Amino acid sequence: MAGERYRPREIEPKWQRYWASEGVYRTQSEADQPKYYVLEMLPYPSGVLHMGHVRNYTIGDALARYKRMRGFRVLHPMGWDSFGLPAENAAIKHGQDPRDWTRSNISEMKRQLHSFGFSYDWECEISSCEPEYYRWNQWFFLRMWEKGLAYRRKAAVNWCPECATVLANEQVVDGCCWRHEGTPVQQQEREQWFFKTTAYADELLDSLEDLQGGWPDRVLAMQRNWIGRSAGTEVDFALEGDGDLIRVFTTRVDTIFGATCLILAPLHPLVQRFGFGDRGQEMATAAATKSPDDLEKEGFFTGRFAVNPYSGRRVPIWVGNFVVMGYGTGAIMAVPAHDQRDFEFCRKHGIDVVPVIRPADGPLAQSGSISEAYCDYGVVENSGKFSGLESAAAIDTMGALAEAKGFGKAAVTYRLRDWGVSRQRYWGTPIPMVHCPSCGVVPVAERDLPVLLPANVSLTGTGESPLKAVAEFVRVNCPRCAGPAERESDTMDTFVDSSWYFYRYADARNDGAPYAARKARAWFPIDQYIGGVEHAVLHLIYCRFFTKVMRDLGLVEWDEPVLRLFTQGMVIRDGRKMSKNLGNVVSPEALVEKYGSDTARMFSLFAAPPDRDLDWQDDGVEGMWRFLSRVHRLVRDSLARCSGPSGQPRCRADRACLRKLHQTIDHVTADFESRWHFNTSIASIMELTNALRARERALTDGVLHECLRRLAQLLGPFAPHLAEELWHVLGGHGPLLAATWPIADPELARENSVQVAIQINGKLRHRLTVPKGLPKRELSARARKTERIGALLAGKTVRRVIEIPDRLVNFVAN
RNA sequence: GCUGGAGUGGCGGAAUUGGCAGACGCACUGGACUCAAAAUCCAGCGCCCUUUACCGGGCAUGAGGGUUCGACUCCCUCCUCCAGCACCA
């Protein structure tokens, strides 16, 4: 290497080949070592690696490498979330087969990942669009069907009348079709498949507590919010005229004597029965396309009445656009005096306002003088025998009465709904079900899995799932009666694929089961999961749900798949998220081309702590390139004059550099073990480099050599190619990853003198260099003896002296 | 509206339990090397006052208050920005 410049384009491929030939990334399965499963969220194979990927995988790779060097056996896999809409869109746009498109994207992205030298064990690679993988989606579906956790019911889908096709939620933008701006998406009812996530709502919520500390607070908060547990009361109002009941859900049953009408959601079944179906449809569509802020509270009277079971009061039944069918019972009692939304609605439509709650320390409001609802708890009034109770007590008492009399009960409602997994799409896992005219819905026999996704399917929209038009796919014999039947043509949501993929990594080539229990046990739970916060709810709830279902199916013995979750920040450039649409992307490929992947990795770790947003600056990348070049040059120049690893420390410079070295080892190690502030790890490695560069000529050969070797090791997790190069140049044997991580020696790291701040009344007045550990009295005595402090304290009375050894002295004086 | 997070030089960011604010890097300025440029190396670099210079002083971590010998850090009030959820009954 003597005389050569830092040339990553030569170094990096060289060591990538070396790592491959040495098999250094192979997962050790039987070794007698503690395990560590580090997992990064698997990418969708768009074909292009972006900076967000690079940041994510660089963090994971640094950790995986560090853990290996700490003696763990590490599982660090990678795969492809390869079903999904983009492949289908590409097919429609360019006439390309989704399978070909996806596979070529995968090989392209894999090439890019390789160019970064990430330490993945590619033996574990999975791709969810391959039958070897998705057959197990089908297998899980059947297990869930058997348990009643997969079921079918009617639900609304998004329908674009222009495309004449069903839209995925992500194809709906502001209530309109993504391709036909201005065309409102219609809601159509269809039979669809659901997973019963609500059966686990309580547990999904409760076990969030176990994740506390290991998961970011904001993710826990988002999940809590998403599950949205709300305790209240269900009350049945009797429909006047026939004996039918209208059930409402309320968290404030204590206000029920103030209920002056019922309001139904526009899509409530009764609305149709009362003859207002079309009007309701219209209202629902109008409401769906507007944001809550600028939606006026519209509604109409149905002409019908219902009876309040508590008060016997007869109240009108209205339909209101702010009541949604999907939450609670789709019907509410309106208490305008004590709910702001109800107040606005009732005032607008001339409905009575009846106050029944007064503040604990104030009078009941006069119904005519109310200008906004009083929503706090208080004391119940004008409510028959409940008058005089505190709100909380009234809620309990009134709930108990309802239950005793049979017109209601305490109830818990969730925002979380069952997971709709049906997609009227081609590029997904076929749902393994058959519709038989005589047997009904029948599961495909397990031995007939996988239900293969047919090739060469026409994707031009007919309005149905593209599979519906494939006769040889649809036409089957009923698995039960063998009569002619029809195969289910919906495919599964791709979130199903990613809900259990990490189990498959543990046993990726198993063709008799999703994985062998023994192998999963060897790796689970996942020690560290790393990914973007955009998956805080959907993916990260679904995968928790799956593990709980798998546990109840006897497939795993733990409750949660992920012990620790880390969510990295976004990559920002020019003040905005890096994205193709904004035209502010930096291509990782171009970076590797220009500076090498080590520079890109180092910069992405150095520019910000990993959990915060990263502000991308091209100048900063340049600076990192210069740093790595300096390290390279330092080693090259040192080797030219250093005779080798011999010689004991003997001079001041030796001791200073060894001290810096061990402080750096300590710092970097501590960062890995706790905070993951790799920006400061790298800063400290820079300081070490600066110290070595400044003293290089003064150092004893042995010390210089030792420092450089350790420097290479410290760089290993962050800039693995350069580190490997230096390691070998410095005489290291075998791959750097196989070398043991250095341990800081506290004796060598110890400073023997420190600068102490001398303050007078809290203001810095002097600095004093003293031996480390100098005891308190002596510290202030020395400070007083200095000319400067002596002069400043002359004529003053020192009232108090604060002494913190090795840090500061503060004279409180006047 | 609710929930979570963040406000520190020209910029990205340091400051592990309250103890010298601004580590490290970028940008910038000056110098060395060079015929010249690039690269590299050396030095300086929060703001204001003072000074020929050295020295010295004051002000500064979104704003205001509090606790403390001492606050970027703890407490209270408020402002701004980002993210997620949202007529959720």
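First the proteins, then the strands, lettered A, B, ... as listed; each starts at 1. None of these values were measured; they are calculated from a predicted model.
At a cut-off of 3.5 angstrom, the base of B:C26 holds no donor-acceptor pair with the side chain of A:Asp619.
Contact between the side-chain N/O atoms of A:Arg765 and the OP1/OP2 oxygens of B:G58 is found at a separation under 4.0 Å. For the pair A:Arg626 and B:G25, the criterion of a side-chain N or O lying under 4.0 Å from OP1 or OP2 is not met. Between B:G84 and A:Arg224, no contact under 4.0 Å exists linking OP1 or OP2 to a side-chain N or O. The phosphate of B:C88 has neither OP1 nor OP2 within less than 4.0 Å of any side-chain N or O from A:Asn225. Between A:Lys763 and B:A60, a side-chain N or O to OP1/OP2 separation shorter than 4.0 Å is absent. For A:Arg218 and B:A6, the shortest distance from a side-chain N or O to OP1 or OP2 is not below 4.0 Å. Look at A:Arg675 and you'll find a side-chain N or O under 4.0 angstrom from OP1 or OP2 of B:A15. A sub-4.0 Å separation between OP1 or OP2 of B:C41 and a side-chain N or O of A:Arg633 is present.
Regarding A:Leu614, its CG atom lies at a distance of 21 Å from the P atom of B:G5, rounded to whole Å. In this structure, the CG atom of A:Asp637 is 19 Å from the P atom of B:A39, given to the nearest Å. For A:Trp226 and B:C85, the CH2 to P distance is 6 Å, given to the nearest whole Å. With rounding to whole Å, A:Leu208 atom CG is found 14 Å from B:G4 atom P. Remark: P of B:G25 and CE of A:Met624 are 10 Å apart, rounded to the nearest angstrom. Following rounding to the nearest Å, A:Leu634 (CG) and B:C41 (C1') show an atom-to-atom distance of 14 Å. Rounded to whole angstrom, the span from the CG atom of A:Leu808 across to the P atom of B:A71 amounts to 12 Å.
Within 4.0 Å (heavy atoms only), A:Val248 reaches no atom of the nucleic acid at all. Residue A:Arg612 is classed as a sugar-phosphate contact, given heavy-atom separations below 4.0 Å to backbone atoms only. A:Asn761 comes within contact range of no nucleotide atom at all, as no heavy-atom separation falls under 4.0 Å. Among the protein residues, A:Phe627 comes within range of no part of the nucleic acid, since none of its heavy atoms lies under 4.0 Å from any strand. Among the atoms of the strands shown, none is found under 4.0 Å from any heavy atom of A:Arg573. When heavy atoms are screened at a 4.0 angstrom cut-off, A:Gln759 is found touching base atoms of the nucleic acid. Residue-level contact check: A:Gln340 touches neither bases nor backbone, having no heavy atom under 4.0 Å from any strand. Backbone-only engagement by A:Arg693 is indicated by non-hydrogen atom pairs under 4.0 Å involving sugar-phosphate atoms exclusively. Residue A:Val335 is out of contact with every strand shown, counting any heavy-atom pair closer than 4.0 Å. Among the protein residues, A:Asp339 comes within range of no part of the nucleic acid, since none of its heavy atoms lies under 4.0 Å from any strand. At a threshold of 4.0 angstrom between heavy atoms, the contacts of A:Gly623 are confined to the sugar-phosphate backbone, with no base atom among them.
B:C85 and B:G1 make up a base pair, with Watson-Crick or G-U wobble contacts both under 3.5 Å. Across all strands shown, B:C42 is found opposite B:G30 as a Watson-Crick or G-U wobble partner, with both distances under 3.5 Å. Nucleotide B:A23 is matched to nothing when pairs are restricted to Watson-Crick or G-U wobble geometry with both distances under 3.5 angstrom. Pairing for B:A6 is with B:U80, a Watson-Crick or G-U wobble pair whose two hydrogen-bonding atom distances lie under 3.5 Å. Base pairing analysis places B:A37 opposite nothing; no Watson-Crick or G-U wobble pair with both distances below 3.5 Å involves it. With both pairing distances under 3.5 Å, B:A14 is matched to nothing as a Watson-Crick or G-U wobble pair.
Of the listed nucleotides (B:G19, B:G56, B:C88), B:G19 has the atom at the smallest distance from the side chain of A:Asn810. Which of B:G12, B:C87, B:A14 sits closest to the side chain of A:Phe606 comes down to B:G12. The nucleotide whose nearest atom lies closest to any side-chain atom of A:Met222 is, among B:G84, B:G12, B:A23, B:G84. The side chain of A:Phe249 has B:A89 as its nearest neighbour among B:A23, B:G4, B:A89. Residue A:Arg807 places its side chain closer to B:G19 than to any other of B:G19, B:G5, B:A23. Closest to the side chain of A:Pro609, out of B:G13, B:G12, B:G19, is B:G13. For A:Val812, the listed nucleotide lying nearest its side chain is B:C69; candidates were B:G25, B:C69, B:A14.
The aromatic rings of A:Phe249 and A:Tyr327 sit perpendicular to each other, their planes meeting at more than 60°, with 30° as the lower class boundary. Taking the six-membered ring where the residue is Trp, A:Trp318 and A:His349 present tilted rings, their angle falling between 30° and 60°. Under the 30°/60° scheme for interplanar angles, the aromatic rings of A:Phe672 and A:Phe678 are found to be tilted.
Side chain of A:Ser391 to main chain of A:Gly378: a donor-acceptor pair is present (N/O by atom type, distance under 3.5 Å, no hydrogens or angles).
For the residue pair A:His662/A:Asp666, the side-chain donor-acceptor check at 3.5 Å is not satisfied.
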Intermediate values then yes/no, side chain to side chain contact (heavy atoms under 4.5 Å, CB included), A:Phe257 and A:Asn308
CA-CA 8 Å; A:Phe257 281 76; A:Asn308 182 333; 5.7 Å; no
Where do A:Trp215 and A:Asp217 land on the side-chain hydrogen bond (donor to acceptor under 3.5 Å, both in side chains) test, with the steps shown first?
CA-CA 6 Å; A:Trp215 282 41; A:Asp217 286 342; over 6 Å; no
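Between the P atoms of B:G4 and B:G10, the separation comes to 33 Å (whole Å). Taking atom P in both B:G25 and B:G7, one finds a spacing of 23 Å when rounded to whole Å. The gap from the P atom of B:A53 to that of B:A60 amounts to 26 Å, rounded to the nearest Å. Here the separation of B:G66 from B:U51, taken at their P atoms, is 35 Å to the nearest Å. If you take atom P in B:C88 and the same atom in B:C82, they sit 24 Å apart, rounded to whole Å. Taking the P atom of each, B:G9 and B:G46 are spaced 13 Å apart, rounded to whole Å. Comparing the P positions of B:U77 and B:U29 gives an interatomic distance of 47 Å, to the nearest angstrom. Nucleotides B:C28 and B:A83 have their P atoms positioned 31 Å apart, rounded to a whole Å.
For the pair A:Lys297 and A:Phe345, the cation-pi criterion (under 6.0 Å, within 45° of the ring axis) is not fulfilled.
With ring centers used as reference points, A:Phe603 lies under 6.0 Å from A:Trp616.
Mapping A:Met325 and A:His677 onto RNA chain B via the closest heavy atom, the residue that lands nearer the 5' end is A:His677. Along RNA chain B, the nucleotide nearest to A:Thr680 and the one nearest to A:Asn690 differ in position, and the one closer to the 5' end is contacted by A:Thr680.
Taking 90° from 0 as the syn/anti boundary, the base of B:G9 is oriented syn.
Between A:Asp598 and A:Pro8 there is no side-chain heavy-atom pair separated by less than 4.5 Å.
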